[in-house]
Amino acid sequence: MTETFALSRRGILGGGSALLASAALGRSASATPIVTPAARAFPKNFLWGTATAGHQVEGNNIASDMWLLEHVRPTIFTEPSGDACDSLNRWEEDLDIMQALGLNAYRFSVEWSRIEPEPGAFSSAYLDHYARIIEGCHKRGLAPVVTFNHFSVPAWFAARGHFGANDGAALFGRYCDRVARRLASGMAYAMTLNEPNAAAQLHWVKLPEAFGGAMRAMYAAAAQAMGSPAFANTTFQNSDASDKLIAAHIEGFQAIKAARSDLPVGVGLSLDDDQTQGSTVVRDAKRLSVYAPWFAVTRTHGDYIGVQNYGRRVYDANGQIPPPPGSGASGRENLPEALGNAVRYAHEQTAKPVLVTENGISAADDAVRQRYIPRAIAGLHAAIADGVPVLGYIHWSLLDNFEWFSGYREQFGLVALDRTTFQRTVKPSAHVLEAIARANGLRAEQLGDSV
Ligand code: FCB
């Protein structure tokens with residue numbers, strides 16, 4: 001805690017770097033300067049956005065592996081996704097909300113199981129659907145940051161062994177080729193895979209043995225339902241498919257680049273702020289297995305590194321020190337200052353610009369999120385002031401949505417959802433992000449007593 005605070009205070013005190021000064025100057029030319037001299041200004045054209053993922057918001061993603069896993073018995077899903085937020089039909093309303101909040105970026109995913117519901121059968125209608133969303137983003141001044149695969153895959157792909165299948169990477173490449181040829185021209189950033197290091201990350205979390213057993217039973221039931229013993233999920237299961245996932249990223253990267261060479265393409269990593277107390281041995285071993293392969297492939301096949309941070313873990317010689325009570329099921333301490341550290345580490349390891357593609361907190365009490373956002377962004381500002389090139393901050397999530405195994409119990413949204421009427425209600429935390437985005441900077445008073 002002391003270390004992370006020291007970092008952000010240095011940034012606060014040393015906020016006069018050339019980069020930031022020029023951004024502030026550019027703004028002060030306007031008739032009514034929005035950014036006061038006390039503000040921590042962000043670089044010109046900085047992206048401020050929110051993120052969603054198809055399966056979590058669209059609803060009725062019935063050809064996907066997740067839909068199957070939600071409905072088999074036994075299942076570890078608390079509840080099925082059902083209609084989710086009905087964003088398949090209500091995406092224009094979602095975009096309108098972001099525009100009204102003064103944001104300039106939207107990260108969303110295109111759903112593979114809608115675009116290719118059977119192997120090799122591609123849906124022009126769904127490609128058109130996503131083309132309309134991209135166009136809708138442009139009309140509203142939102143840069144489309146598009147994820148090609150956000151966890152859910154077609155059930156047929158999972159039944160063949162998921163990314164672990166010998167031709168998994170090639171099949172993903174073929175899908176990326178079709179999507180990119182149709183949609184890449186309108187994208188601002190492309191992401192091949194969302195958190196392909198999630199299984200590796202999970203491997204380091206001491207989950208109760210019963211959870212592992214329940215997970216295996218669910219996959220066995222899905223294998224039986226599909227009549228395929230190969231059924232797998234390399235994203236969530238502890239598996240050694242890391243090399244195959246890397247191969248899939250490379251195939252995807254190349255397919256997207258072939259369609260549009262100037263489109264920035266990258267991967268979004270689950271990236272904790274891994275701190276140590278005493279020995280660094282365990283922490284370093286974790287970093288080596290969970291992040292290093294992805295940093296390496298980003299250096300050769302990546303234009304930016306996507307950072308997805310939800311807090312920090314502290315390690316000593318024996319492993320992770322249990323986080324303070326109330327830290328949530330992920331075993332992370334939801335410390336907003338963790339973001340800046342994760343961003344610094346990702347850049348140091350890849351030498352690539354960083355795009356924060358996810359950051360946020362599950363909180364039923366929105367006041368928690370209202371306090372969290374400025375503190376996380378202050379840490380990001382400090383990293384920029386120290387020279388880290390950061391392209392944007394994309395908050396997870398626009399909406400309270402289907403949080404995978406936890407169902408609708410978690411509330412990460414800036415916007416609340418009525419699950420019967422699908423009415424969206426903007427929360428005060430959305431206006432906290434709005435004020436920062438509109439000013440392209442942070443004012444001291446927004447940090448309250450954390451300054
Ligand atoms: C990330 C996922 C995203 C969401 C958030 C809370 O790991 O990429 O879909 O579940 O966590």
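All values below come from the heavy atoms of this structure, side chains included, with hydrogens, waters and symmetry mates left out. Every number for a ligand or one of its atoms is a count from 1 in the order of the listing. Just so you know, residue 1 is the first one in the sequence shown, and it goes up from there.
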Open item on the list: Can a side-chain donor-acceptor contact be found between Asp366 and Gln370 if the only test is distance below 3.5 angstrom?
Closed with: yes
Task: Identified side chain to side chain contact (heavy atoms under 4.5 Å, CB included) counterpart of Ser87 within the set Thr52, Leu399, Ile133, Leu417 - done: Leu399
Task: Check: Tyr291 and Asp274 side chains under 4.5 Å, non-hydrogen atoms - done: yes
Open item on the list: Tell me the protein heavy atom at minimum distance from atom 10 (O) of ligand 1, and give that distance in Å.
Closed with: Glu403 OE1, 2.8 Å
- [ ] Mark yes or no: Arg332 above the aromatic ring of Tyr310, with NZ or CZ under 6.0 Å from the six-membered ring centre and no more than 45 degrees from the axis.
- [x] no
Task: Under-4.0 Å heavy-atom contact with ligand 1, by part of Glu410 that carries it - done: neither
Open item on the list: Within the 4.0 Å heavy-atom shell around Gln56, which atoms of ligand 1 are there?
Closed with: 3 (C), 4 (C), 9 (O), 10 (O)
Task: Worked check of side-chain hydrogen bond (donor to acceptor under 3.5 Å, both in side chains) between His431 and Glu434 - done: CA-CA 5 Å; His431 297 302; Glu434 172 182 8; 2.7 Å; yes
TODO: Number the atoms of ligand 1 from 1 as they appear, then name those within less than 4.0 Å of a heavy atom of Phe412, with their elements.
DONE: 6 (C)
Open item on the list: Can a side-chain donor-acceptor contact be found between Trp204 and Ser289 if the only test is distance below 3.5 angstrom?
Closed with: yes
Open item on the list: As an exercise, identify every atom of ligand 1 less than 4.0 angstrom from a heavy atom of Asn194.
Closed with: 8 (O)
- [ ] Give the residue, atom name and distance (to 0.1 Å) of the protein heavy atom nearest atom 1 (C) of ligand 1.
- [x] Glu358 OE1, 3.0 Å
TODO: Note the single closest protein heavy atom to atom 5 (C) of ligand 1, along with its residue, its atom name and the distance in Å.
DONE: Tyr310 OH, 3.3 Å
Task: His150 near ligand 1 by a heavy-atom separation under 4.0 Å - done: yes
Open item on the list: Between the side chains of Arg182 and Asp128, is the shortest nitrogen-to-carboxylate-oxygen separation below 4.0 Å, so that they form an ion pair?
Closed with: yes
Task: atom 7 (O) of ligand 1 - nearest protein heavy atom and its distance - done: Glu195 OE1, 2.6 Å
